[in-house]
Amino acid sequence: MTSTYKDSGTASLKDEEEFTDILEERRCTTDLGYALRTFNPQPYKGAPSSSTSDLKKAVLESQYLRYIAKEIALETGSSVEKVRQEARGILEEMSHNLQLGFIRLMAYTVNKVFKRLFRSIYVNMEGLNMLQQAIQESPVILMPNHRSYVDFLIVSFILFTYDIPIPVIAAGIPLASMKVVGEILRRSGAFFIRRAIGSDKLYWAVLSEYVRTIVRTGCAPLEFYVEGFRSRTLKSVVPKLGMMDMVLEPYFKGEVFDITLVPISISYDRVVEESLLALELLGVPKPKESTTGLFKASRVLQEDYGCMHVNFGRPLSVRQLCEGKINRSEYNLIPRDLPQRPSTEIQDCVNWVAHLIVRTQEEGSLISPWSLMACLLLQAPITTLTEEGLQWHGLTEKTLWLRKLVLDFRGRLNWPAHTTDSDVMSSTVALHHSIVHHKAGRVCLVQDGDPASQDPLSPEEGVMRTAAAVLMLVSYRNQALHVFVRPGILATAIHITKSTQKDELFSFFCFLRDVFANEFIFIPGRASQDFDEACSLLQKCGAVHMSEQEVTVLETGLEVLSFLQKLLQPFLDSYQLIFRYLCENGAHVFTEKQFLPAVQNLATKLILSGDLHTFEVLSSDTQKNVLSALRRLEAVTKLRASQQNEYKVNKAAVRRTGDILSGKIPPESLHAIPDARL
Amino acid sequence: MSGFSDNIMRLSGRMLSQYLAQRDWDGKLTRAPHPGIIPTCSIVILSDNLPKQEIMKWNGWGYSDSKFLYNKKGQAEFTGKRYRLSGMIIPGLREWMESTFGANLQHKTPAAPILNSSAVQPPTLNEAFLKELKSTGIPFSHDAEDRVFRSHGHCLHEIFALREGKIGRVPDLVVWPNCHNDVVKIVELACKHNVCLMPYGGGTSVSSALECPPEETRSIVSLDTSQMNRILWIDEKNLTAHVEAGIVGQDLERLLNESGYCTGHEPDSMEFSSLGGWVATRASGMKKNIYGNIEDLVVHIKMVTPQGVIEKSCQGPRMSTGPDVHHFIMGSEGTLGVVTEVTMKIRPMPEYQKYGSVVFPNFEMGVACLREVARQRCAPASIRLMDNEQFKFGHALKPQVSSIFTSFLDGLKKFYITKFKGFDPNRLCVATLLFEGDREKVLQHEKQVYDIAAKFGGLAAGEDNGQRGYMLTFVIAYLRVVLGFKYTLLVLDICRNVKARIVRECKDKGVQFPPLSTCRVTQTYDAGACVYFYFAFNYRGLSDPVHVYEQVEHAAREEILANGGSLSHHHGVGKLRKEWMRETISSVGMGMLRSVKDYVDPNNIFGNRNLL
């Protein structure tokens, strides 16, 4: 009944995994019959069955919330009862209302929609089995990556299909305000969190107690996106720690014996909202989530989105992860149901766990042939892409070469078996007809636009139009970046420093790792492991030769090194450009609102004049990442008093960072000392 | 204020001159320790045995004649005549053992039957010390059996080593002082000749406190206080008794009872443990809710140290004279000197005693009830809460009933609780209660407690169940290999986490059958509780079960500390728990204790190396 195939990426590894297409069976049965199937999951054995009203009551009557309410009443001068009333309101707005009937409705609808959108949804059964086991043993946290709105209910859908308890899911509050749909989501297990909670103490208190109570009682698995929001760039986002902290606290405080984290990697051949994402990054605001919007979007149902892979990772025991990293007795001296600021040791541990999860998600995601092609297309000159097009033959050859490199780098590849390579190539391009088209042996970029429009585009508008197409390509490239980033950074270090000395390369590696910590996921304190990994991968593919002290480039490795270096070049160019803007153009104090368009203007000019070869700097994501990086490097500071996100720039420091990045001055060895503890 | 009671003097003033004497249950004298034998099956249970006339086991807990064994029909039986359970067939035990541990009759590990004297290292004697000791006339011995008997407490690894015939460093000499002045002489001689002294009371330590430090090169002298076992006087006006520190718990109670008094101090080891040991380890008694723990009971202590004798000048019930020096002594675990005499509070014997028990639908409800009892400060003399596993164990220890009527009644009770009241037999737990006082007050008190229990879903489950619960405490020690550690603090999370940790560790260490991992709340305090964890596992298939046991115990202890439990509620630190002392009491705290030791005993004469 169901077809299975092997994930070819791990074919060389021992843990070969089988993926099963869960839609295949759905296509053979009636949707209604499926939605009404008997659902009888084995819940967490320690959990007493509790209703949502029990949960809310437990939260409201918790010692913790009472304490905070009293504190707030004292601070604001209002009555405790009023504060508690307010808390009740927050909880009502937030709380999920999981009901089996709505799960069935959800399953029915989702099933219909998914069958339309996707050819197949592949799930690794082994991971699902491990999850089923884990759910009975301790409270489970499901941690998928978030690349598309479609993600939102996929996990619930799969768990419903396989008789596993339905999770409650942390969602952004805008979803709740959608008419009808918001309520359906709520009853399908979503709970809603406001954006920008800031310093609203009561809100934090209600939210954290709500989350902790769910974990503590283990009444349902908890699902949340550790990246905090949908990644617009399809690249992993540096994890947010607030929710992670709340989830782990019951373990730190000994309220549960253990917590199981299950990283889930969802990968798409084609992302439903691909064009919206690019526009959003270019500053076209994202449409507000609304029910009518949802219906308008229903034209997306006409399209083919290929396959989806949901890879359930190995369940991770928090107890084992934290072993030796923290000392839980720090909670001994204050009653455990009162708030206590965690020590830096605990905070570091939470941060480390969060990064580890995102890395594990990356490792579990599958790279499509299209991502490989995107990597290569982006290395061609832009005029080739937009005008005469890239030779199909050359692209095919290069893609197959890259496939081998990915496998050498232990990436998981989703390369269809039992199909000729040229069929794979052409079907891939066909699937992505919205971005490229293949004609007469050449591949060109499709540029969205209205050919019927009378007014010719201004040069600036032309740049933006190309940028939209390029950024779509960039996002698919990004899906493969995690495989290349460590060796890529080493290749960049070799390219810039021209050094063969291992220690010099290591210190530059650390510098790059530090500068790009907002772009790529690096587990804190693991610089030397990352470096070793990069070295061994480059050695494995025959690019370099390693000795005790030296890293020498091999003749045979030039192709690999140049590919890797070019892969990361757009990041270096973008960062340098923004550094240059900050040093030359900007004032000493600026707001984010001024900064983003100004950078965009400058970049557009330079692209037109042919001085800048990347469109990525036009992406607001890149711009914000540079700002965060500079803040981390203390070259830019956020002004505390300011309401409108004002920043103060230390031009000398920015210039210095730029000079190190271009190899003019060597990096300080400050960052070369890895944190021994982590 | 003070007066002598001749009656008591005469009663207690017995001894044998050259050899140690141990009394049996009736207070008769018997020549003591000689090897008994306790072959065991794989886990814990003891089996058939050659009876000997000696009273105490040399390599196991308690009396030689009291043990669990499987009889010819394959039924479990508890032998001897000393306990309520003695001589009874316990039909449920075997099945419980088999289902809980996968233990069965076919797998037995016999113990080394008789002590092999040649396995004992010859004593390192300090001739000059010995010569002067002889001149004092204080009895001593360097007989191998005497030395081995005093070389250990009752930690699992200690008993296991003995059973396997492995004997490490043992004391070189045993001395039996007869009174305070004898101790003064011995300590003086020890200081003069640089001999290491290790006080020995009842030998019931479970903290490796009696283990001889292997690095000790001096002659080690075990100072056995068993002959100092008299009640010196009773002050009926002030309700105090002045007692020599070597007296064993049960003797103290029996002798006081004869004059109509009691101390009310009843640690589970009271059959064998001594007053001096209680003071040295900060012991706790089952009925502390009425009588208090040892620190509440002690009014005056006399201790002989290398710097001389320490005692207070009066017997006032309370003083504001700086930090209480008694607190340097209590818990010093034999590192500072020998406690020789203690004045203790006594109480008139209670007119009426009543056991009781309450069944709760689950452990959480039971704990909630105990907290309410603590809040209302109405705890009976003792209140204990056993978890479900222990409830089942208690059930397995039910003796065979003779009449059909009783078993019918039992069936009816079970039906009522599980079917009618809807208690899940795999979740319910039981609290055992002991009330003491005058009859009317006891009944009133009982009602109050049962009323509270009812609010938490508790059902009164009869006196018999309660009494059996307490008997279990004494008998459980015979099913050795149980680990006991007591800790204070917030109960629910810690119980679950520690039990889960034990199960997980056992699994990780290759234990084939799920271990028994159980706990009970044995004491409530205004500000917390004391939880006793037990665990036992079937070690079939393990190459080094003792090591596994120690690893599991270690992990369990870390878990307790991480969950806000204390290092020890009453067993003390000894050498077993030393490694956690610094994090428990801080570096400054360690320094304070260290400086006391350095002043009182600069040459480490009391060199058992406990505590610090």
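First the proteins, then the strands, lettered A, B, ... as listed; each starts at 1.
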- prompt: Does B:Phe456 have its ring centroid less than 6.0 Å away from the ring centroid of B:Phe360?
  reply: no
field: Region of A:Ser138 that comes under 4.5 Å of a non-hydrogen atom in chain B
entry: neither
message: With side chain to side chain donor-acceptor pair (under 3.5 Å) as the test, pick out the partner of B:Arg282 among B:His327, B:His570, B:Glu333, B:His571.
response: B:His327
task: State whether a side-chain donor-acceptor pair under 3.5 Å links B:Ser207 with B:Arg577.
output: no
query: With distance as the sole criterion, is a donor-acceptor pair present between the side chains of B:His554 and B:Glu579 under 3.5 Å?
result: yes
- line: Of B:Arg501, B:Lys499, B:Glu583, the largest count of non-hydrogen pairs under 4.5 angstrom with chain A goes to B:Arg501
task: With a 4.5 angstrom heavy-atom cut-off, could you sort out which part of B:Arg504 is near chain A: side chain, backbone, both or neither?
output: side chain
